[in-house]
Amino acid sequence: MITATTALVSGGTTAATTTAPSSTNPCITADLNPRIATLADPDGITGSTTLERLESAVERHTAVTELLVDHVDRRGLFSVGLDAVEHAAVMPMQRNEHEFVDQEWAARLSLDLLTRYLANLHAEMTGAPVEPQWQRFFELASDCSQSPEHAAMVTTTRTSQLILRIRSVWPELGITTHSTSFASLTR
């Protein structure tokens, strides 16, 4: 994944850059839009339990990430990091029945966060309205006049918003431990 991130941020210095995008914008590969739209469509997520639906969503997102990276499409900047976290941390914890006090809640939270991203990615690929907080990321990722590093910085903002979303559900769970410290770090 480090190579993939480096390729996307450096403008594609890996072998994948030998395939020229078919769009007039060298930062994105418009030919991918229909394939990614299908994979990112939340209606395509399957499973009878929340964990099964999460597994399906992660699998679909991994396929999206691979497509974007293979084509050095800068819209994959966020997906690269998210995919790594899903595989290295989220899913191992979700599969461990002793990891969370409330397994169902934890799986629902993870599924909600991933589904929101996939829904916005689907909207971006189909030309539908994108939530405002994602619009800026997609604009920068698609704007070749902006440095790839600048677009990557927006990915950091997305991560910060993810942390704030998690923090927002703490009160409904009665979590107060470290909330003051966390609040001071996320202002």
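Counting from 1, the numbers follow the sequence of the chain as shown.
- Panel note: side chain Arg60, backbone Leu39; a donor-acceptor pair is recorded below 3.5 Å.
- Between the side chain of His122 and the backbone N or O of Leu118 there is no donor-acceptor pair closer than 3.5 Å.
- Taken to the nearest 0.5 Å, the CZ atom of Arg74 stands 9.5 Å off from the CZ atom of Phe137.
- Residues Ser79 and His61 have side chains in contact (heavy-atom distance under 4.5 Å, counting atoms from C-beta outward).
- Checked by atom type and distance alone, the side chain of Ser56 pairs as donor or acceptor with a backbone atom of Thr46 at under 3.5 Å.
- Note on Met93 and Leu51: separate hydrophobic clusters, where clusters join Ile, Leu, Val, Met, Phe, Trp and Tyr whose side-chain heavy atoms are under 4.5 Å apart, directly or indirectly.
- The nearest pair of heavy atoms linking Ala123 to Pro129 is CB-O, 3.3 Å.
- With hydrogens and angles ignored, the 3.5 Å screen pairs a side-chain donor or acceptor of Asn120 with a backbone N or O of Arg116.
- Using a 4.5 Å heavy-atom threshold, the side chains of Asn33 and Thr126 count as separate.
- Residues Met125 and Leu32 are not in side-chain contact: their nearest non-hydrogen atoms beyond the backbone lie 4.5 Å or more apart.
- Rounding to the nearest 0.5 Å places CD of Glu59 at 11.0 Å from CD1 of Ile45.
- Looking only at distances, no side-chain donor or acceptor of Arg75 sits under 3.5 Å from a matching main-chain atom of Ser142.
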task = Let me see the working for Leu109 and Gln94 under side chain to side chain contact (heavy atoms under 4.5 Å, CB included), right down to the final yes or no.
result = CA-CA 11 Å; Leu109 177 64; Gln94 293 292 346; over 6 Å; no

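- In this structure a side-chain-to-backbone donor-acceptor pair under 3.5 Å is present from Gln103 to Phe100.
- Counting all heavy atoms, side chain and backbone alike, Leu111 lies closest to Ala57 at CD1-CB, 4.0 Å.
- Atom CG of Leu82 sits about 9.0 Å away from atom OG1 of Thr62, to the nearest 0.5 Å.
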query = Would His87 and Val58 satisfy side chain to side chain contact (heavy atoms under 4.5 Å, CB included), going step by step from the backbone distance to the final call?
reply = CA-CA 8 Å; His87 289 283; Val58 168; 3.9 Å; yes

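- Under the 4.5 Å side-chain criterion, counting only non-hydrogen atoms from C-beta, Glu139 is not in contact with Asp143.
- The structure places CZ of Arg108 at 7.0 Å from OG1 of Thr50, a figure rounded to the nearest 0.5 Å.
- Of the inter-residue distances, the one linking Glu55 atom CD with Glu86 atom CD reads 10.5 Å to the nearest 0.5 angstrom.
- With rounding to the nearest 0.5 Å, the separation of CG in Asp112 from OH in Tyr117 is 15.5 Å.
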